[in-house]
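First up is the structure itself, then whatever we jot down about it.
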Amino acid sequence: MEKTFLMVKPDGVQRNLVGEIVNRFENKGFTLVGAKLMNISQELAEQHYGEHKERPFFGELVDFITSGPVFAMVWEGENVISTARLMMGATNPKESAPGTIRGDFAVTVGKNIIHGSDSSDSAAREINLFFKEEELVSYDKSMISWIN
Ligand code: DAT
Ligand code: MG
């Protein structure tokens, strides 16, 4: 089953949005298979956002993501990678539709509440970066036959 890496950023944790965000993915019908509240080191931040190294906002991005605890999660489900991106909304909250997480809770691109993998390659890379294999669980929910 497809897996993705999602993370409530420091602004989302500070604004008490962890429960709200977990709720949305649970209600949708996805399955949580790993989660932890953690601080991101400078090194992990630079690795995680490596693709943006040359961008002018890279320093700010690393400072922001290391500024407080994040809630890192792995979610499982059919098409969970692309569906989670739709549920998050556009990167810039100016353009994210109401009803999406960023559309409902964020105002500026620098503080946009949530991260989500954008492809199967990045999902595999990010899950690996944040979680050890033994931190992920595999289980069946009896209600899954009412979802898939
Ligand atoms: P996403 O988080 O939607 O995958 P991204 O990978 O392009 O977006 O960028 C990573 C993060 O970097 C994004 O969530 C917020 C920040 N960011 C992106 N573009 C930015 C910009 N033009 N100015 C400041 N921060 C930006
Ligand atoms: Mg991205």
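Numbers here are sequence positions counted from 1. Each ligand, and each atom within it, is numbered from 1 in the order the structure gives.
A distance-only check finds a donor-acceptor pair linking the side chain of Arg15 to the backbone of Phe105 [under 3.5 Å].
With hydrogens and angles left out, the side-chain atoms of Glu126 and Ser117 include a donor and acceptor closer than 3.5 Å. In summary, the side chains of Glu43 and Gln47 do not present any donor paired with an acceptor at a separation below 3.5 Å, with no hydrogens or angles considered. Side chains of Asn79 and Thr83: a donor-acceptor N/O pair is absent below 3.5 angstrom, by distance only.
Heavy-atom distances between Lys111 and ligand 1 stay at or above 4.0 Å for every pair. Residue Asn112 places a heavy atom under 4.0 Å from ligand 1. Distances from ligand 1 to the non-hydrogen atoms of Arg85 include at least one value under 4.0 Å.
With a 4.0 Å heavy-atom cut-off, ligand 1 is reached by the backbone of Thr91 and by its side chain too. Heavy atoms of Met7 found under 4.0 angstrom from ligand 1: none, in either backbone or side chain. Residue-level proximity to ligand 1 for His52 is carried by the side chain, the only part with a heavy atom below 4.0 angstrom.
Tyr139 places none of its side-chain heavy atoms less than 4.5 Å from the side chain of Glu76.
A cation-pi arrangement is absent between Lys36 and Phe71 under the rule of less than 6.0 angstrom and at most 45 degrees off the ring axis.
Minimum heavy-atom separation, Met88 to His115: CE-C, 3.8 Å.
Looking only at protein heavy atoms, the nearest one to atom 2 (O) of ligand 1 is Arg102 NH2, 3.1 Å. Nearest protein neighbour of atom 15 (C) of ligand 1, counting heavy atoms only, is Val109 O, 3.3 Å. Of the protein's non-hydrogen atoms, Leu61 CD1, 3.8 Å is the one closest to atom 11 (C) of ligand 1. Among all protein heavy atoms, the one lying closest to atom 17 (N) of ligand 1 is Phe57 CE1, 3.5 Å.
By the 3.5 Å distance cut-off applied to N or O atoms, Lys9 is counted among the residues near ligand 1.
The distance from the CD1 atom of Ile147 to the NZ atom of Lys28 is 10.5 Å, given to the nearest 0.5 Å.
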